[in-house]
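In what follows, a structure is listed as structure tokens, so that the remarks can point back to it.
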Amino acid sequence: MSDTGFTFTIDGLPVQAKPGQTIMEAADDAGVYIPRLCDHEGLRHQGGCRVCTVKASGRSVAACTQPATPDLVVENESEHINSMRRDLVEMLFHEGNHLCPICEASGNCELQAMAYRLDMTQPTKFPYLEPCRALDASHPDIALDTNRCISCGRCIRASQDVDGKGIFGYVGRGIHRRVAVNGVDLAHTDAAVTDDAISADVCPVGCIIRKRVGFSKPIGSREFDDGLIGQKIESKRK
Amino acid sequence: MTEPRLIEISPVTRVEGHGKVTIHLDRDNNVEEARLHIVEFRGFERFIRGRLLWEVPVIVQRLCGICPVSHHLAAAKAMDQIVGVDVLPPTAEKMRRLMHYGQVMQSHVLHFFHLSAPDLLFGFDAPAARRNIFEVLKENPELGRRAVMMRKFGQDVIEATAGKKIHGTGAIPGGINRNLPIAMRDRFLTQIDEMQDWAQDALKLARDYTLDHADLVKSFGAFPSSHMSLVREKDGALDLYHGVMRAIDAQGEPIISGLNYNDYHTVLTEDVRSWSYMKFPFIQALGPVDGWYRVGPLSRMNTAAFIDTPLANLAHKELRNATGGLPNHTTLTTHWARMIEVLHCVEKIRELLNDDDLQGSDLVAKGDRRHEGVGVIEAPRGNLIHHYKVDENDQVTFCNLIVSTTHNNEGMNRAVKDVAVKHLSGQEKITEGMLNHIEVAIRAYDPCLSCATHALGQMPLQVELFDANGGLLDTAAQSA
């Protein structure tokens, strides 16, 4: 493959890409935000949450894993695609217990921010599954509330690939699949608050909790208090 | 002679939460029994168990949309103890106080103008369609405008200290998460003179009403009782944020004095009854029958030695002089007391705004972990107790809440019965206006019914079935 860059379009906008880049990587460089939840800078792409689904020359693909190719015509911000994304996000709210008003991740939560971005004013379509999973607060510095987990797998990849620990993994199948720790509980793993997997921005929701820091950031200075998710990427494009 | 009747006022209107009143009339139309029932169930004491300690001040404030700050701060004070902090940094303590004074001010204004003023301005018997804030606005637009703007000021103070007007996150275990920016301080200072003038006018309105209707006030839901509140430890002054527990009997003699509120459970016990979700606390030394007491603005006027802000202190003296220095037991005087507290809050807010500590950067203190903590505060409606135990994993294992409305449970029921007997007994035709008298008595306590019901698993709930003649047909009971 040539090392020469090429051009494709997203919503009619010409975007420069380098060979080997995914649609999302090229879009990020060009200041075009494609919504995502399971993708995270520094972690390998997974293509799991499907919130980054775009139409690429008529085919629905995950922008985080689909390589960009010359002359590709990508549809990203159409009402049709955003409506599907809204449904996906809404289903995540229905699968877990996402009580934003009392969650310490509120204001910093990517799921909540995505719901705002996609105009999900209230979940209405699907029944609540209302999981009742015990809070794992056994570790002195970390707690795990898997009722808030969206199975993005970011903690699994960070722990395996960056920390080299493999603290987290999936258990169960289908709708019952969820994140669990490789041990009786967190206290019986070698998890540390300094792990990349535990850092503030790897878990997109309030599932992995660093103890004793909740609510210390005042309302008004939280990550998404003054703008929509994706704004940092979009600010690259003038 | 008529058939026995059961009259039900449901829901009680212009109060926070849902409740109803039942009144049994015998064949001679005499009131046999009158009770205030709290018909909703919240259960926060149970479902807070298992949650993490720093979540508690944010979760429990969801008990209420009118005075969430009181629950937020009471829980935060309990969590201060659990994280081993007995003395907060000055900035944290003063920011919390500022938040609380804003809260008490806006809640009292809401109560006086929006909920009670229609009764006081138009009369208890006025047509129901007139007894609302919109008619107050129509009749006296300037008064209505002030009500809205005073409430807004209080809520703006809350937003500046907690991040949101309702359900913010300011107080965290051991301190606060923000200070007050100078620009915000200056904005409040430009409004404070006007707020003080309006608070004085509102106080005059409540005072004049009380004195001009002395006969009504003396006979309407007036009965001797004990009173309890926090007072400032060093001198017994009114202190809405922190202090020691003080209770006096009907003659003003102390029953509880200078008690550290961590020991509240050594002087108070909670009783349960089959017909209400709300508990009945009583002072142990006096027993379950005579140990009931009242809390709230009027009780605070009775228990406090003085008020440490000059204008409110003058008003306090005048209120105390109205009963020759003895405790005031007249339910309707609560409105006067409430407006004294609004003025006190405005004076306190001014004092704090001029204190540079609000711009400090030392926001949180740390200490050695403990497993139990009690937080007590004087909420708008009265004394509020939060008590928690937390395990070594930082999870709550025990929660006990005694909210103001719960303290006032017996008092409100007595007021309901007193008014029912005086205004309904012997009446063949019961009018809506007569029934509103009972609601007026309840409203004077500004009850927060949604805050008050948590006694899951502690209550021998009982259902009674009456026939059309009021005869008891059957009972079904669920044991505790």
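What you see is a predicted model; the values in this text were computed from it and never measured.
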(request) Find the distance between CZ (B:Arg369) and CZ (A:Arg212) and round it off to the nearest 0.5 Å. (result) 7.5 Å
(message) Among A:Pro101, A:Gly220, A:Ser221, which residue has the highest count of heavy-atom pairs closer than 4.5 Å to chain B?
(response) A:Pro101
(request) Calculate, to the nearest 0.5 Å, the distance between atoms OG and CD belonging to A:Ser138 and B:Gln395 respectively. (result) 8.5 Å
(request) Could you tell me the separation between the CG atom of B:Asp394 and the CG atom of A:Leu135, rounded to the nearest 0.5 Å? (result) 10.0 Å
(message) Please determine whether the number of non-hydrogen atoms from other residues, nucleotides or ligands lying under 6.0 Å from atom CZ of B:Phe398 exceeds 12.
(response) yes
(request) Name the region of B:Ala171, side chain, backbone, both or neither, that has any atom closer than 4.5 Å to a heavy atom of chain A. (result) neither
(message) Which atoms of A:Ile209 are under 4.5 Å from chain B, going by heavy atoms: the side chain, the backbone, both sets, or neither?
(response) side chain
(request) Go through the atoms of A:Asp145 and report whether side chain, backbone, both or neither lie under 4.5 Å from a heavy atom of chain B. (result) side chain
(request) Test A:Glu104 against B:Thr169 for side chain to side chain contact (heavy atoms under 4.5 Å, CB included), laying out the working first. (result) CA-CA 10 Å; A:Glu104 64 184 83; B:Thr169 64; over 6 Å; no
(message) Return the CD1 to NE2 distance between A:Ile102 and B:His167, rounded to the nearest 0.5 Å.
(response) 11.0 Å
(request) Check whether B:Ile172 gets within reach of chain A through its side chain, its backbone, both or neither, counting any heavy atom under 4.5 Å. (result) side chain
(request) Please determine, among A:Ser106, A:Gly214, A:Ala143, the option with the most heavy-atom pairs under 4.5 Å with chain B. (result) A:Gly214
(request) Check B:Trp54 against A:Phe215 and note the closest heavy-atom contact, atom names and distance. (result) O-CD1, 3.5 Å
(request) Using non-hydrogen atoms and a 4.5 Å limit, figure out which bit of A:Lys211 sits close to chain B: side chain, backbone, both or neither. (result) both
(message) Counting only heavy atoms from other residues, nucleotides and ligands, does the tally under 6.0 Å from CG of B:Asp368 exceed 12?
(response) no
(request) Would you check, one step at a time, whether the test side chain to side chain contact (heavy atoms under 4.5 Å, CB included) holds for A:Lys217 with B:Asn177? (result) CA-CA 6 Å; A:Lys217 201 178 271 192; B:Asn177 67 14; over 6 Å; no
